[in-house]
Amino acid sequence: MREKELRLALICYGGVSLAIYMHGSLKEVWRLLRASRSHTDEVHEAEGVERVYRDLLLAIEEKAGLRLRILTDIIAGASAGGINGIFLAEAIVTGRSLDPLTDMWLEVADVDRLLSQDARPVNRFSKIWAEPVAWGLLRKKAAAIEKTVSAEARAEISAKLSRFVRARWFAPPFGGHEFTHLLFDAHATMSATSTGPRLLPASQPLDLFVTVTDFYGHRENLKINSPDEVTETEHRLTISFDSRKGRDMSLGPAAELVFAARATASFPGAFPAFTTREIDTVLAQRKMEWKGREAFLERILPKQFAAGRAEDTPLVDGSVLANAPFAQAASALRNRPARREVDRRFVYIDPIPDVYLTGEVRDEAKEAARSGVPGWFTTILGASSSIPREQPIRDSLEAIERRSERIERMRTIARSLRTDIERSVETMFGRTFFLSRPTPRRLASWRDRALERAANSAGYSYAAYGYLKLNGIVDDIVATLRRTCPDADVSFFSDVRRALHRELDQRGLGHMSDAKKMNANPEAIAFFRSHDLRFRIRRARYLARHFSEEVEMPALAGRDALDAMEEAIFDGLALYLDRETSDFLGDDFAEVAEAAAQDPAALLDELARRRDLPAVDEEAETLFIRGLEKLPAEAQRSMLLAYLGFPLLDIATLPLLEGEGLGEFDPIKVDRIAPDDAATLRQGGTRAKLKGIEFNLFGAFFSRAYRENDYLWGRLDSAERMIDILLSSIAVGDRPSFDEIRGFKKRAFAAVLDEEEARLTSVKPLIASLREELERID
């Protein structure tokens with residue numbers, strides 16, 4: 001049966017109290033991932049909405065002959081989206097439940113719990129003169145409050161709003177330490193739940209990115225023509241985690257995950273700016289140790305750490321400058337394994353889509369605009385909240401589209417070239433007696449012969465290809481040094497780059513080919529054998545694609561043989577990917593790196609010695625041959641010719657990729673989850689569904705009923721959108737009928753309501769109403 005992966009890279013926006021809607025959305029994504037894992041493992045214990053998703057996957061399998069797996073391997077978030085992204089990432093890696101985070105949002109994401117102890121009114125008479133402010137706000141919001149799902153919510157909101165406006169003014173009302181304690185509590189509760197199966201394949205990494213804003217910023221040096229160097233202040237920071245570090249049960253220590261969650265959601269004006277000293281105080285109160293503290297701070301705050309300011313650097317909300325972190329997610333695409341056909345999606349969650357800006361909810365903003373220059377509070381709120389969060393994402397989407405177009409163009413060319421390349425390889429090796437009986441020694445000899453023949457037959461074009469490879473190697477070496485020496489100045493890396501090029505010229509690599517003999521420069525070929533790691537990775541990924549597209553068919557081989565070949569390819573790829581990391585090179589490599597500008601020859605020699613790529617080639621090819629041995633002759637020959645013919649394909653296609661050598665080799669599609677996009681159960685979008693939009697998006701912090709309402713709609717909207725996105729990965733003719741799709745959606749809605757009815761006691765009228773609306777769906 002044909003197999004395919006639907007890979008979701010999730011982009012989680014900030015949205016103040018609409019974080020609860022976003023949590024509901026991600027909770028539903030988590031349910032789908034669990035159902036997909038259950039389907040892949042052929043476990044028949046799925047219940048509730050997970051059973052609905054599993055039945056849909058079975059229906060697709062029966063009709064389309066396609067086994068589809070859904071996974072999330074990239075998450076990027078800002079502000080409240082960052083918090084949700086961190087906990088979802090932990091649930092994916094550990095197999096633990098997301099329910100503790102649900103409890104946190106519903107129970108403790110409340111103004112009475114979040115108010116700083118120092119900011120609370122001393123008694124009911126404190127700031128009694130501020131009561132008219134609360135009355136005024138309530139009168140302006142009266143219509144919306146009357147529409148709340150529970151009559152009791154009106155009294156709750158009135159009381160909490162009164163306490164809120166009588167709290168401390170001109171200082172953050174919410175407590176940083178209180179918030180940090182709540183995050184630790186949620187993490188501890190989640191960690192106490194039982195572990196389940198990891199929601200990713202064993203070889204698939206997960207990358208998590210959380211944006212943060214350095215309030216004062218740090219200085220960066222820039223090289224220009226005149227003057228030679230200028231400086232600018234950089235405020236943007238990204239805290240990253242990944243599952244490649246060998247941790248089986250977590251993306252990182254609790255202190256580091258809570259650090260990122262608290263920093264990214266330090267909403268300006270509402271919470272005090274976050275510093276490392278805050279988390280140190282909370283850890284001391286909780287009697288917790290933080291192993292690896294210094295290494296973490298050096299990694300995420302390299303400039304500040306080098307200057308001795310890491311503990312006191314004030315960090316504020318990540319959405320101030322990067323509310324839609326598409327670029328961070330895109331940066332993780334380069335090193336993704338590809339075991340089978342991949343449909344890559346960037347899915348962003350936006351509780352307040354563009355259409356909301358024209359809605360009645362913004363009448364106050366329109367009135368302010370008509371009245372002329374905005375006032376002090378309006379300006380502060382706009383600068384710290386609305387404007388950054390509402391900036392268009394057009395630039396990010398256009399960059400993704402350009403990348404996808406370039407990849408699709410290259411794939412078309414590669415498919416066109418495949419026949420000619422196979423013919424050339426067959427001509428080159430057609431009379432080789434032992435081609436059907438490869439051994440590591442024979443394969444190494446054939447590989448070297450194919451590389452030399454490809455280089456010599458390319459003529460003048462090899463020079464451009466060779467220079468592109470050479471510059472790519474230099475770029476990768478400099479990138480390795482950036483990871484090894486994060487606190488070095490920008491000028492250091494520029495000096496290293498120039499020194500490397502000088503050294504390469506001295507080694508005879510100034511010319512890629514001999515103009516008279518029309519063949520490749522032997523020094524260049526020798527250098528590439530010692531240093532061209534990216535070529536090996538591109539070749540392994542190409543084998544994986546070739547295996548999936550051309551060979552992985554039941555008619556050619558049984559399941560065991562296919563699994564053995566697939567495992568061999570990706571075990572070999574892992575050997576090369578390991579050598580990309582700075583961790584593999586060892587802690588003492590920093591000494592070589594720091595002297596690179598003065599002694600580039602030592603740097604190159606040490607890299608070649610530590611990586612020892614020729615030895616890795618032998619190990620990877622031994623694995624490859626073991627996989628080949630179990631394949632029938634036709635499939636074995638196809639894989640062998642693909643391996644030997646890759647140099648010809650690489651010479652033709654690498655320039656088309658501008659040297660990137662992109663990992664997944666697949667175009668990207670973008671999908672959105674928003675209240676306006678899910679209209680099967682209720683139309684009207686954000687205004688008809690969400691309560692958290694009140695009080696400048698702080699509304700859900702004033703009422704448990706509001707939080708339950710938004711959380712439930714997050715699950716319902718995401719259930720519909722997940723079904724839509726899943727089905728969009730299938731050819732139109734292979735999809736279930738319209739009536740069948742609507743039936744699956746109705747089953748999913750009913751399952752969500754059944755699962756949440758006992759928990760959501762404050763919105764019983766809403767649940768009853770939704771059940772009636774569900775019955776009216778045709």
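Just so you know, these numbers come straight off a predicted model, no measurement behind them.
- With respect to the salt-bridge test (charged N to carboxylate O, under 4.0 angstrom), the residues R96 and E90 do not qualify.
- In this structure, the side chains of L88 and L10 come closer than 4.5 Å at one or more pairs of heavy atoms.
- In this view, S445 satisfies the side-chain contact (heavy atoms from CB on, under 4.5 Å) rule with no residue, not counting sequence neighbours.
- For the ring-ring contact (aromatic ring centres under 6.0 Å, His included) test, residues two or more places apart in sequence or in another chain that qualify with F296 are F259, W290.
- Residues H39 and R67 approach most closely at NE2-NE, 4.3 Å, considering heavy atoms.
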Determine whether L543 and L573 satisfy the following criterion, side chain to side chain contact (heavy atoms under 4.5 Å, CB included), listing intermediate values before the conclusion.
CA-CA 10 Å; L543 285 176; L573 174 61; over 6 Å; no
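- No side-chain heavy atom of R345 sits under 4.5 Å from any side-chain heavy atom of I668.
- In this view, D532 and K469 satisfy the side-chain hydrogen bond (donor to acceptor under 3.5 Å, both in side chains) rule, not counting sequence neighbours.
- Every residue meeting the ring-ring contact (aromatic ring centres under 6.0 Å, His included) condition with F624, not counting sequence neighbours, appears here in chain and number order: Y643.
- In this structure, S729 contributes its side chain and L726 its backbone to no donor-acceptor pair below 3.5 Å.
- With rounding to the nearest 0.5 Å, the separation of OH in Y53 from OG in S38 is 14.0 Å.
- Closest of all the heavy-atom pairs between V592 and A602 is CG1-O, 4.2 Å.
- When all heavy atoms of S638 and H546 are compared, the pair lying nearest together is OG-NE2, 2.9 Å.
- Between the side chain of T40 and the backbone N or O of S36 there is at least one donor-acceptor pair closer than 3.5 Å.
- Under the 3.5 Å distance criterion, the side-chain polar atoms of R579 are matched with a main-chain donor or acceptor of R611.
- Shown here is E294, whose CD atom has more than 12 heavy atoms of other residues, nucleotides or ligands within 6.0 Å.
- You'll find the side chain of I92 reaches within 4.5 Å of the side chain of I75, heavy atoms only.
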Working note: R7 + Q204, criterion side chain to side chain contact (heavy atoms under 4.5 Å, CB included); need CA distance, chi angles, decisive distance, verdict.
CA-CA 11 Å; R7 296 185 179 179; Q204 188 76 15; 3.5 Å; yes
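- Checking side-chain atoms of E61 against main-chain N and O of L66 turns up no donor-acceptor pair under 3.5 Å.
- Ionic pairing of D343 and R69 is not present here: no N-O contact between side-chain nitrogen and carboxylate oxygen is shorter than 4.0 angstrom.
- No side-chain heavy atom of P600 sits under 4.5 Å from any side-chain heavy atom of V496.
- Considering CD of E523 and CG of L509, their distance stands at 7.5 Å, rounded to 0.5 Å.
- Ion pair D505/R502 not flagged as a salt bridge, since none of the NZ, NE, NH1 or NH2 atoms sits closer than 4.0 Å to an Asp/Glu carboxylate oxygen.
- A distance-only check finds no donor-acceptor pair linking the side chain of D734 to the backbone of I730 [under 3.5 Å].
- H531 contributes atom NE2, which lies 8.5 Å from atom CG of L613 (distance to the nearest 0.5 angstrom).
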T94 vs R198, test: side chain to side chain contact (heavy atoms under 4.5 Å, CB included). Steps then yes/no.
CA-CA 6 Å; T94 64; R198 189 174 186 265; over 6 Å; no
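- F535 is linked by a ring-ring contact (aromatic ring centres under 6.0 Å, His included) to F646, counting only residues two or more places apart in sequence or in another chain.
- When all heavy atoms of S331 and F209 are compared, the pair lying nearest together is OG-CZ, 3.9 Å.
- Proximity of I477 to L607: side-chain heavy atoms (C-beta onward) are separated by under 4.5 Å at one or more points.
- Judged by a 6.0 Å distance limit and a 45° cone about the ring axis, R299 is positioned over the six-membered ring of F241.
- The minimum heavy-atom distance linking L71 with P201 is given by the pair CD2-CD, 3.8 Å.
- Here the CZ atom belonging to F589 is positioned 11.5 Å from the CZ atom belonging to F584, to the nearest 0.5 angstrom.
- Judged by distance alone, the side chain of R344 and the main-chain N or O of K669 form no donor-acceptor pair under 3.5 Å.
- Here L6 contributes atom CG and I70 contributes atom CD1; the two are 6.0 Å apart, rounded to the nearest 0.5 Å.
- In this structure, the side chains of F527 and L504 come closer than 4.5 Å at one or more pairs of heavy atoms.
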Pair R529-D448, salt bridge (charged side-chain N to carboxylate O under 4.0 Å, His left out): steps then yes or no
CA-CA 10 Å; R529 283 174 177 163; D448 289 344; 3.8 Å; yes
Test side chain to side chain contact (heavy atoms under 4.5 Å, CB included) applied to T484 and E594, step by step:
CA-CA 9 Å; T484 306; E594 290 168 358; over 6 Å; no
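- Using a 4.0 Å cut-off between charged side-chain N and carboxylate O, E606 and R609 make a salt bridge.
- Side-chain contact annotation: D650 with Y465, donor-acceptor N/O pair under 3.5 Å present.
- Taking each heavy atom of A540 and I569 in turn, the nearest pair found is O-CG2, 3.7 Å.
- Between the side chain of S243 and the backbone N or O of L206 there is at least one donor-acceptor pair closer than 3.5 Å.
- Expressed to the nearest 0.5 Å, how far CG of L8 lies from OG1 of T72 amounts to 4.0 Å.
- Under the side-chain contact (heavy atoms from CB on, under 4.5 Å) criterion, D475 pairs with R497, sequence neighbours left out.
- Relative to the six-membered ring of W30, R34 meets both conditions, a distance below 6.0 Å and an angle of at most 45° to the axis.
- Using a 4.5 Å heavy-atom cutoff, the side chains of L208 and I74 are not in contact.
- For the pair R534 and I473, the minimum side-chain heavy-atom distance is 4.5 Å or more.
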